[in-house]
Amino acid sequence: MAVGAGAASLGGSLLRIPAAWSQSSSVEIKTSDLSGLKLLQGAGCNVLAMHGDDGALMVDGGLAANADALLRAVYAATGNDRVRLLIDTHWHPEQTGANEAVGRAGGTIFAQEKTRMYLSHTVYELVDKQHMKPVPPLPKEARPTKTARSTGSLDFAGRHIEYGYLPAAHTDGDSIVFFRRSD
């Protein structure tokens with residue numbers, strides 16, 4: 001994750017070692033303050049969280065094995081007891097691990113349309129030059145319920161948040177999330 005001059009660009013890297021997808025839920029999550037946003041590290045990817053009046057906002061959700069620890073850290077960092085909006089920056093498992101818990105609790109999951117497509121079907125990911133690993137679809141409750149095709153914006157807890165589609169980035173369904181009033 002790169003942070004600078006008012007932007008938070010979010011994404012992750014292609015995992016080449018499948019064992020990294022099954023980290024322990026006893027993982028330690030480190031929280032840092034970024035001008036009202038909270039950066040949470042240690043759940044499988046960098047996660048941003050922000051307090052909202054009726055639930056937190058999260059950008060990305062770490063690995064599924066770390067979802068409980070991550071959500072506890074988000075609640076502690078934001079003062080919320082639920083996630084109202086989760087934005088997936090792409091479909092890889094290290095970004096979408098909290099989707100199921102957030103979706104089952106009634107939170108909205110937002111992503112680029114291609115990300116929803118990938119999360120709804122089995123996808124084969126390259127492990128090394130000779131092997132593919134199937135990534136099964138997420139349960140219906142864990143899939144994005146709102147999508148976007150290109151750029152746009154939304155307001156959350158009095159902050160204007162912009163998002164955009166990056167068709168030739170880490171995956172062909174990547175999104176960038178921009179918090180204009182953040183340093």
Side-chain angles (χ1 to χ4, degrees), residues 1-3 7-13 21 23 25 27-112 115-116 118-119 138-139 141-148 152-166 170-171 173-182:
M1 172 178 195
V3 177
S9 171
L10 302 168
S13 61
W21 289 359
Q23 291 182 7
S25 62
V27 67
E28 182 181 336
I29 309 294
K30 179 185 170 196
T31 304
S32 303
D33 184 53
L34 302 174
S35 300
L37 298 172
K38 304 299 181 184
L39 171 64
L40 296 103
Q41 298 174 292
C45 73
N46 290 327
V47 174
L48 282 181
M50 184 174 89
H51 172 81
D53 293 337
D54 60 346
L57 171 133
M58 280 177 62
V59 179
D60 286 330
L63 292 162
N66 301 331
D68 289 340
L70 174 61
L71 289 171
R72 282 192 304 273
V74 166
Y75 301 152
T78 64
N80 291 110
D81 62 0
R82 72 182 209 100
V83 174
R84 182 170 60 109
L85 177 62
L86 170 60
I87 301 172
D88 291 335
T89 59
H90 69 276
W91 62 270
H92 285 158
E94 71 273 15
Q95 266 39 59
T96 59
N99 280 29
E100 187 168 359
V102 170
R104 287 188 190 279
T108 299
I109 302 169
F110 179 83
Q112 205 281 332
T115 294
R116 178 171 57 183
Y118 287 124
L119 294 175
L138 293 182
E141 300 83 8
R143 298 176 195 161
T145 53
K146 299 223 183 245
T147 61
S153 64
L154 58 93
D155 291 313
F156 185 89
R159 291 182 87 163
H160 188 69
I161 302 166
E162 298 173 29
Y163 55 85
Y165 172 44
L166 302 171
H170 181 62
T171 74
D174 276 27
S175 295
I176 186 170
V177 181
F178 185 77
F179 295 85
R180 185 156 302 277
R181 293 186 309 183
S182 296

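Remember, it's a predicted structure, so these values are computed and weren't measured experimentally. In what follows, residues are counted from 1 in the order of the sequence shown.
Residues M50 and R159 are in side-chain contact: their nearest non-hydrogen atoms beyond the backbone lie under 4.5 Å apart. Proximity of L119 to D88: side-chain heavy atoms (C-beta onward) are separated by under 4.5 Å at one or more points. Side-chain contact between L57 and F179 is present, with heavy atoms from C-beta onward closer than 4.5 Å. Counting heavy atoms from C-beta on, the side chains of L154 and Y163 come closer than 4.5 Å. The side-chain heavy atoms of H92 and H170, taken from C-beta on, include a pair separated by under 4.5 Å. Between L138 and W91 there is no side-chain heavy-atom pair separated by less than 4.5 Å. No side-chain heavy atom of D68 sits less than 4.5 Å from a side-chain heavy atom of L70.
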Exercise. Given the rule in the side-chain contact (heavy atoms from CB on, under 4.5 Å) test, do T147 and F110 qualify, once you have shown the distances and angles that lead to the verdict?
Worked result: CA-CA 5 Å; T147 61; F110 179 83; 5.9 Å; no
For this session: Assess whether side-chain contact (heavy atoms from CB on, under 4.5 Å) is satisfied between L71 and M58, documenting all intermediate values.
Result: CA-CA 10 Å; L71 289 171; M58 280 177 62; 3.7 Å; yes
For this session: Determine, step by step, whether V83 and Y75 satisfy the side-chain contact (heavy atoms from CB on, under 4.5 Å) criterion, reporting the C-alpha distance in whole Å, the side-chain angles of both residues, the deciding distance to 0.1 Å, and the verdict.
Result: CA-CA 8 Å; V83 174; Y75 301 152; 4.1 Å; yes
For this session: Please assess S153 against H160 for the test side-chain contact (heavy atoms from CB on, under 4.5 Å), listing each intermediate value before the final yes or no.
Result: CA-CA 7 Å; S153 64; H160 188 69; 3.2 Å; yes
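Side-chain contact, D60 with N46: no donor N or O sits under 3.5 Å from an acceptor N or O. Using modelled atom types, one finds no donor on one side chain facing an acceptor on the other under 3.5 Å when comparing T96 with N99.
A donor-acceptor pair under 3.5 Å links the side-chain atoms of N80 to the main chain of G52, judged by distance alone. Side chain of D174 to main chain of T171: a donor-acceptor pair is present (N/O by atom type, distance under 3.5 Å, no hydrogens or angles). Side chain of T115 to backbone of G173: a donor-acceptor contact under 3.5 angstrom is found. Remark: the backbone N or O of T78 is paired with a side-chain donor or acceptor of H51 at under 3.5 angstrom. Listed for the R180 side chain is no donor-acceptor partner under 3.5 Å among the backbone atoms of I161.
Among all heavy-atom pairs drawn from E94 and G44, the shortest one is CB-O, 3.5 Å. Minimum interatomic distance between A98 and A67 (heavy atoms only, all atoms of both residues): CA-CB, 4.0 Å. Heavy-atom minimum distance, N66 versus A43: ND2-O, 2.9 Å. Across all non-hydrogen atoms, the minimal contact from S175 to L166 is C-CD1, 4.4 Å. Scanning both residues, L40 and A49, for their nearest heavy atoms gives CD1-CB, 3.7 Å. Closest approach of P139 and R104 over heavy atoms only: CB-NH2, 4.4 Å.
Counting heavy atoms of neighbouring residues, nucleotides and ligands inside a 6.0 Å radius, atom CG of D53 does not exceed 12 of them.
Note: Q41 CD to E28 CD = 11.5 Å, rounded to the nearest 0.5 Å. Taking CG of L34 as the reference point, atom CG of L48 lies at 6.5 Å (rounded to 0.5 Å). Within the model, atoms NZ of K146 and CG of L85 stand 10.0 Å from one another, a figure rounded to the nearest 0.5 Å.
Annotation: ring-ring contact (aromatic ring centres under 6.0 Å, His included) contacts of F156 (sequence neighbours excluded): none.
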